[in-house]
Amino acid sequence: MESSIQGARRAEAAHDFTAELPALRVKLLRHARLVLRDPAIAEDLVQDTLLAMFQQRDHRGQASLATWAIAILRHKVADWYRSPQARRLVQQPDDSDALADDVEALFDERGRYVEPVAPWQQPENRHEQRQMMSVLERCLGKLPAQTGRVFMMREWLGFETVEICERLRVSAENVRTMLHRARMSLRECMQLHWLGAGSAP
Amino acid sequence: MRGLLHSCRKASELLSRAQDEPLRWPERVRLRLHLALCRDCRSVRDQLRQLRTLGGRLFDPGDDPPPR
């Protein structure tokens with residue numbers, strides 16, 4: 001009799017993550033804002049995510065809470081970008097010009113790198129990986145909003161460029177330019193702020 | 001000789017584009033040649049690859065201990 005009560009309690013504890021919800025919500029909001037660049041939409045989608053987690057709590061399986069939450073959020077964000085209501089909000093002008101000068105400044109008059117480019121070390125452990133991730137998140141936050149969106153749609157949501165063109169109503173050439181500028185800016189930012197970037201030999 | 005090879009600036013555009021779509025054959029050949037001769041661009045290529053890997057894994061805390 002006692003062991004079945006203990007068993008039931010353990011099962012309940014496994015499903016009951018309400019104690020962790022406030023901290024989780026804060027994390028999810030931060031991530032959602034970075035991806036969506038719109039605090040109101042971010043709030044809505046995080047609410048939807050938490051609700052879905054509660055509704056599906058029996059189907060969580062072995063995933064850690066945070067990993068599971070992020071996977072659900074990712075689906076919600078992808079669905080939202082594909083929804084009719086997103087259209088008006090996401091079809092905004094290309095703002096990557098703000099990055100153009102800095103990207104251009106990497107090269108000399110013959111198109112060669114002004115500074116030698118040092119390879120990055122692979123992070124050696126979980127701690128270094130998280131550090132690298134966290135620097136990347138900060139660097140992502142520095143991208144202009146629409147450019148950041150394009151990068152996240154491509155790299156985090158995995159949208160093909162054709163779909164990005166459709167959803168955002170931009171040309172393929174435009175998307176290419178935005179991604180190029182985003183990537184070059186991000187690597188430059190990582191170079192500056194991540195210790196594993198090191199210096200050229 | 002300079003006309004045959006890409007500049008690093010051009011190579012960076014191609015490296016970025018190659019992450020999204022297949023390059024045309026002549027572009028791919030010239031990029032390969034440039035990379036063979038340019039250590040800076042090889043570093044950039046590797047960095048762009050790392051950005052891609054990280055970008056896909058954003059926000060994922062990774063190997064957290066399994067739920068109790």
Side-chain angles (χ1 to χ4, degrees), chain A residues 10 13-14 17 27-28 30-31 34-35 60 62-67 70-71 73-74 103-104 106-108 110-113 115-120 122 126 129-130 132-133 136-137 140 151-152 154-156 158 160-161 172 175-177 179-184 186-187 190-191 197 200-201, chain B:
Chain A
R10 235 179 295 124
F17 46 80
K27 266 197 205 141
L28 288 175
R30 203 177 69 229
H31 300 330
L34 190 59
V35 179
R60 172 177 152 195
Q62 290 306 305
S64 78
L65 198 65
T67 299
I70 288 299
L73 177 64
R74 194 199 308 232
V103 174
E104 196 49 38
L106 296 171
F107 305 103
D108 66 21
R110 289 207 271 176
R112 296 170 310 187
Y113 285 100
E115 298 288 329
V117 180
W120 294 342
Q122 289 292 342
R126 179 65 49 195
Q129 267 181 38
R130 286 190 205 216
M132 198 178 181
M133 271 301 186
L136 178 59
E137 283 180 37
L140 280 165
F151 182 84
M152 295 302 272
R154 179 81 189 106
E155 299 300 335
W156 192 58
E160 295 298 330
T161 50
V175 169
R176 270 182 223 130
T177 301
L179 285 172
H180 176 242
R181 287 171 175 171
R183 287 166 177 152
M184 293 305 281
L186 286 170
R187 52 150 305 285
M190 297 283 292
Q191 194 78 47
Chain B
M1 187 64 180
R2 201 182 305 159
L4 277 178
L5 297 177
H6 291 314
S7 66
C8 297
R9 183 198 287 112
K10 181 69 179 171
S12 79
E13 289 169 25
L14 291 177
L15 284 170
S16 174
R17 186 156 18 131
Q19 289 199 319
D20 310 315
E21 60 198 69
L23 297 179
R24 286 173 303 205
W25 177 245
E27 290 174 326
R28 207 179 331 151
V29 167
R30 286 164 72 179
L31 177 60
R32 284 236 182 103
L33 194 53
H34 181 96
L35 286 172
L37 299 169
C38 180
R39 182 161 54 177
D40 286 341
C41 286
R42 286 199 297 277
S43 295
V44 170
R45 178 198 56 194
D46 293 341
Q47 288 167 3
L48 293 185
R49 283 176 180 164
Q50 281 184 272
L51 275 179
R52 162 141 294 177
T53 303
L54 286 171
R57 288 195 203 144
L58 268 174
F59 318 133
D60 190 339
D63 300 333
D64 277 9
R68 259 171 284 114

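All chains are named by letter (A, B, ...) in the order of the sequence lines, taking the proteins before the strands, and each is independently numbered beginning at 1.
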Looking at [atom1] of [X] and [atom2] of [Y], how far apart are the two atoms once the value is rounded to the nearest 0.5 Å?
X	Y	atom1	atom2	result
B/Asp40	A/Arg112	CG	CZ	10.0 Å
B/Leu58	A/Ile70	CG	CD1	9.0 Å
B/Asp60	A/Gln129	CG	CD	10.0 Å
A/Leu136	B/Arg57	CG	CZ	12.0 Å

### Query
What residues, two or more places apart in sequence or in another chain, satisfy side-chain hydrogen bond (donor to acceptor under 3.5 Å, both in side chains) together with A/Arg74?
none
### Task
Find the one option among A/Gln122, A/Arg181, A/Glu160, A/Glu115 whose heavy-atom pairs under 4.5 Å with chain B are most numerous.
A/Gln122
### Task
Decide side chain to side chain contact (heavy atoms under 4.5 Å, CB included) for B/Arg52 and A/Arg183; before the verdict, give the C-alpha distance in whole Å, the side-chain angles of both, and the deciding distance to 0.1 Å.
CA-CA 9 Å; B/Arg52 162 141 294 177; A/Arg183 287 166 177 152; 3.5 Å; yes
### Query
Does B/Gln47 use its side chain to pair, donor to acceptor, with the backbone of A/Ala118 at less than 3.5 Å?
yes
### Task
Identify which part of B/Leu54 has an atom lying under 4.5 Å from any heavy atom of chain A, answering side chain, backbone, both or neither.
both
What's the shortest heavy-atom distance between [X] and [Y], and which atoms?
X	Y	value
A/Tyr113	B/Cys41	CE1-SG, 3.7 Å
A/Trp156	B/Gly56	CD1-O, 3.9 Å
B/Ser7	A/Gly111	CB-O, 3.7 Å

Part of [X] lying under 4.5 Å from any heavy atom of chain B:
X	result
A/Val35	side chain
A/Arg154	side chain
A/Leu73	neither
A/Leu28	neither

### Message
Can you confirm whether more than 12 heavy atoms, excluding those of B/Arg32, are under 6.0 Å from its CZ atom?
### Response
no
### Message
Between B/Phe59 and A/Glu137, is the side chain to side chain contact (heavy atoms under 4.5 Å, CB included) condition met? List the steps.
### Response
CA-CA 8 Å; B/Phe59 318 133; A/Glu137 283 180 37; 3.7 Å; yes
### Query
If you check every heavy atom in residues 12-25 of chain B against those of chain A, which residues fall under 4.5 Å?
B/Ser12, B/Glu13, B/Ser16, B/Arg17, B/Gln19, B/Asp20, B/Glu21
### Task
Run the numbers on A/Met190 and B/Gln50 for side chain to side chain contact (heavy atoms under 4.5 Å, CB included), then give the verdict.
CA-CA 11 Å; A/Met190 297 283 292; B/Gln50 281 184 272; over 6 Å; no
